[in-house]
Every structure is written in C-alpha cells, then in structure tokens.
Amino acid sequence: MRRIIIFVFAAVLLWGCGKTVESTTNEINKLYFDSWVSIQKQKHPEYVWKQTSLGAWILEDKEGTGEALGEFDDSLYLRVNYTYYDFDGTISATTSEKVSQQLGDYNETYYYGPEIWYANSIYAGLEDLLKGMKRGGRRKVAIPGWLQTSERCATPEEYLALASDKVGSNFICDIELVDYFRYVNEWELDSISRYLVRNYARHYGTDAAKARGDSAGAHGFYYIRDLAPSDTVTFRDTTVYINYIGRLLNGSVFDTNIRDTAMFHGIFSASRTYGPVAINYGSVWSDITMGSDSGDVIKGFARTLSVMKAYERGTGIFYSPLGYTYNGSGGKIPPYSPLRFDVEIVDEPKK
C-alpha cells in the first residue's frame, strides 16, 4: 500500500478555536465514539483503556526506553512507523511492508519503513497520543474525529466546538516511535556519516564525526571516485553521456537508465527508453540539465556531475536539501531522504 501522509484525514483548518460555530455533528459523533468505546470495552477487556488528556483512548501501550517525549517545539522531528484503521477494521494507510503484502497491494518500487514527521505539522490527536512516548515505544489508540485538526485548543470542549466540516473521522492509529530528534538536517548528516564509514572506510576512515566534515565542496554533499577519469579537463558548455543508478541509503533503487538494473530492482517500465542519457553542461554546476529536452535535475545530482571528468565513475551522496527536501518523491522517496547516485561517464550511443 502506498503510504498516505498524515494530512489525508481532514483539510487544514482555517478557523481559530475561539470562533463560534453552529454545528451539532461533532456532538453526534461523540455519542457514536463513546458508544463504540463502551462496546469495545466489553469485547476487549485486554486493552489498557487509558484515556488521554484530549479524549482519545489508548488501547495498547508498549513502553520504550530513554527519555519520554515532552512538549513539541519548532525544531522537533519524529521518526515513526504506523498503520491507520477505520473503526470497521479497514486499513487506510501503513508504512509496513508486511501489512501491505497481506492486503495484496504491495508495490516493490515503493519505500516501506519509518517516516519522518515535522512534529508541529501533525494533527492534534497524533500529538496527543505521542506525548509521553519513549524511543521504541508503541501505542494503539482510538482517536476521535474532532482531534483530526491542525488547530491547537486548550480543552476537549473547544475541539468539539470546531466546525464539523473542518475535522476528520474517527480512526485507530497503531504507531511506533522509532526515534525523535531536533534539527532534521543534522540527523541526515549524521546518518550519511555513519553510512560513509560503514561503506567507504577506505575513503573516509572509521571516524563518523571526521567523515561528516569531509564534504566534497558543498555542505551536505560527498563524492567518492570509483574509477579515475581519462583526463583532467573540466566539462563546460558541452554534452556528455552517462549511466546512473539512484538509491536510498537503505539500498533501495528508485531510478536508473540501465535496463538490466531496472529489471533486477523491479522498476522497469516498458514505456521508457533505456540507455546512456545526455547531460548538458553550462558554465556553472547549476546550469546542468539532462536529456534532449534539457530537463532540470536535483542539486545533489548536478553537484555529482559537476565534479566528474571524461570516463570517470563515481558516487555522489547528499542530504535532502540537495534532493527532494521535505516533500520526497511519490512512493519511492520519503521526505527528508539522503540519496546516493552512482554515475559513469560513457560514450555517446550510436545512432
């Protein structure tokens, strides 16, 4: 199942908590929610049935380790696994490969695994359930629809007073707090440095802190030469041809122009033409484009190409501000993903 980010459940609220609205739908929804809880308490006495401060119900609670997550702030990021259920048991979103396989909608080209959320962008109900959790902890929580809002109110009553067309539906969230940290760029750079010493010790050594500082001419960008070039001439205002493979740091391949590689990693498309692709150089690295239609490329890929020379083979690794930032790209590249591109300068294909 392609994951659905946390904003799918309701539109972003445009009204403040203090506005007076005429709606009884949330009151009716509360009657339904309370009735569901009452029935489920009889069916599932094994659940912990602990109510949160805003009125959600914790059903299962596995404690993690370390310091508990406290108040959210502008620099906090969360790394989570999750599965969302409707009250009828239908799964609406998941980060789990196994769950997607069980549902029959697994896609081998998609990323499965922990996702990173900016803490201040999540809905009130998710913030409510996450507070107090520790790293490695897991909770299964029934969240009422009026907490499916970007607003922050002081009391449950104020949430209930929100306009009904500005909130979402009741749902169950099964969530694991894998990690939390401040300053996502720092977390990415630490992840890259550990990757470098694990996979390129010959080039970067075994000290992750030192490896992090050995950036290849641009903050957050690292380059490893795998095959020396045939000369030292820097490309300017010319066109060369390359083969490339784009990967996440977990090894998942999300893009390549090499047919056999695409087939091996399950990303082959019959509608695509495979083979060496044109790279168009200008006077500076930011002028680099790809293909006959001169399509734009992400900054990290352009940086990789800019340091390469004739018939060189190398690997560029860079953090998400030089890639797809907080957006990610489709189901293949999640938000805040460092990327790796393996590139080789090759001959122009024969006509």
Side-chain angles (χ1 to χ4, degrees), residues 1 3-62 69 72 78 80-96 99 103 117 119-133 137-177:
M1 171 180 289
R3 275 83 55 232
I4 305 173
I5 60 175
I6 57 178
F7 304 102
V8 301
F9 294 99
V12 174
L13 286 178
L14 301 178
W15 295 1
C17 295
K19 289 191 178 291
T20 301
V21 296
E22 296 181 2
S23 174
T24 60
T25 303
N26 279 339
E27 295 173 3
I28 296 171
N29 195 18
K30 186 176 187 304
L31 290 174
Y32 171 77
F33 183 80
D34 290 345
S35 296
W36 181 89
V37 169
S38 179
I39 293 170
Q40 296 303 313
K41 281 184 176 181
Q42 300 299 316
K43 290 184 176 181
H44 296 283
E46 74 276 12
Y47 287 161
V48 297
W49 292 111
K50 179 181 178 181
Q51 195 167 29
T52 68
S53 61
L54 295 181
W57 284 93
I58 299 174
L59 310 179
E60 298 177 3
D61 196 4
K62 175 187 174 183
L69 185 59
F72 288 14
L78 314 166
V80 300
N81 282 312
Y82 60 83
T83 298
Y84 297 149
Y85 303 82
D86 297 336
F87 270 15
D88 63 4
T90 302
I91 295 176
S92 57
T94 186
T95 59
S96 170
V99 171
L103 291 172
W117 293 348
N120 277 354
S121 72
I122 67 177
Y123 285 144
L126 293 170
E127 178 178 339
D128 187 39
L129 77 89
L130 282 160
K131 283 183 179 178
M133 291 186 68
R138 172 184 162 270
R139 280 180 176 172
K140 187 175 183 179
V141 183
I143 301 177
W146 54 89
L147 295 182
Q148 292 283 24
T149 172
S150 298
E151 289 293 323
R152 293 299 184 269
C153 302
T155 66
E157 291 73 24
E158 287 180 291
Y159 282 106
L160 276 166
L162 292 170
S164 60
D165 62 339
K166 304 297 182 178
V167 296
S169 302
N170 303 323
F171 81 109
I172 296 171
C173 179
D174 191 335
I175 194 165
E176 176 194 10
L177 181 60

Sequence neighbours excluded, the answer for side-chain contact (heavy atoms from CB on, under 4.5 Å) partners of K131 is E71, F72, E127
Donor-acceptor contact below 3.5 Å, side chain [X] vs main chain [Y]:
{"X": "D88", "Y": "T90", "answer": "yes"}
{"X": "N26", "Y": "L162", "answer": "yes"}
{"X": "T95", "Y": "Y82", "answer": "yes"}
{"X": "N170", "Y": "G145", "answer": "yes"}
{"X": "W57", "Y": "V48", "answer": "no"}

Go through the steps to decide whether D128 and T52 satisfy the test side chain to side chain donor-acceptor pair (under 3.5 Å), and finish with yes or no. CA-CA 7 Å; D128 187 39; T52 68; 2.4 Å; yes
side-chain contact (heavy atoms from CB on, under 4.5 Å) assessment of L177 paired with L69: CA-CA 10 Å; L177 181 60; L69 185 59; 4.1 Å; yes
Do [X] and [Y] have side chains that get closer than 4.5 Å, going by heavy atoms?
{"X": "P144", "Y": "N29", "value": "no"}
{"X": "I58", "Y": "Q51", "value": "no"}
{"X": "N81", "Y": "I175", "value": "no"}
{"X": "I91", "Y": "D86", "value": "no"}

Would you list the atom pairs, donor with acceptor, under 3.5 Å between side chains in residues 34-43 and any protein atom, with sequence neighbours excluded?
| residue | atom | partner | partner atom | Å |
| --- | --- | --- | --- | --- |
| D34 | OD2 | K30 | NZ | 2.7 |
| S35 | OG | L31 | O | 2.8 |

Is R139 paired with E60 through a side-chain N to carboxylate O contact shorter than 4.0 Å? no
salt_bridge(D61, K50) N-O dist < 4.0 Å: no
If you take all heavy atoms of [X] and [Y], which pair is closest and at what distance?
{"X": "Y84", "Y": "L126", "value": "OH-CD1, 4.0 Å"}
{"X": "P156", "Y": "S53", "value": "CG-O, 3.6 Å"}
{"X": "A124", "Y": "E151", "value": "CB-O, 3.8 Å"}
{"X": "Q148", "Y": "Y123", "value": "OE1-CD1, 3.0 Å"}

Cation-pi between K140 and Y85: NZ/CZ under 6.0 Å from ring centre and within 45° of the ring axis? yes
Straight-line distance of S169 OG to I143 CD1, nearest 0.5 Å: 12.5 Å
If you measure from OG1 on T149 to CD on E158, what distance do you get to the nearest 0.5 Å? 11.5 Å
Intermediate values then yes/no, side-chain contact (heavy atoms from CB on, under 4.5 Å), Y159 and R152: CA-CA 8 Å; Y159 282 106; R152 293 299 184 269; 3.9 Å; yes
Test side-chain contact (heavy atoms from CB on, under 4.5 Å) on D174 and R138; report intermediate values, then the result. CA-CA 7 Å; D174 191 335; R138 172 184 162 270; 2.9 Å; yes
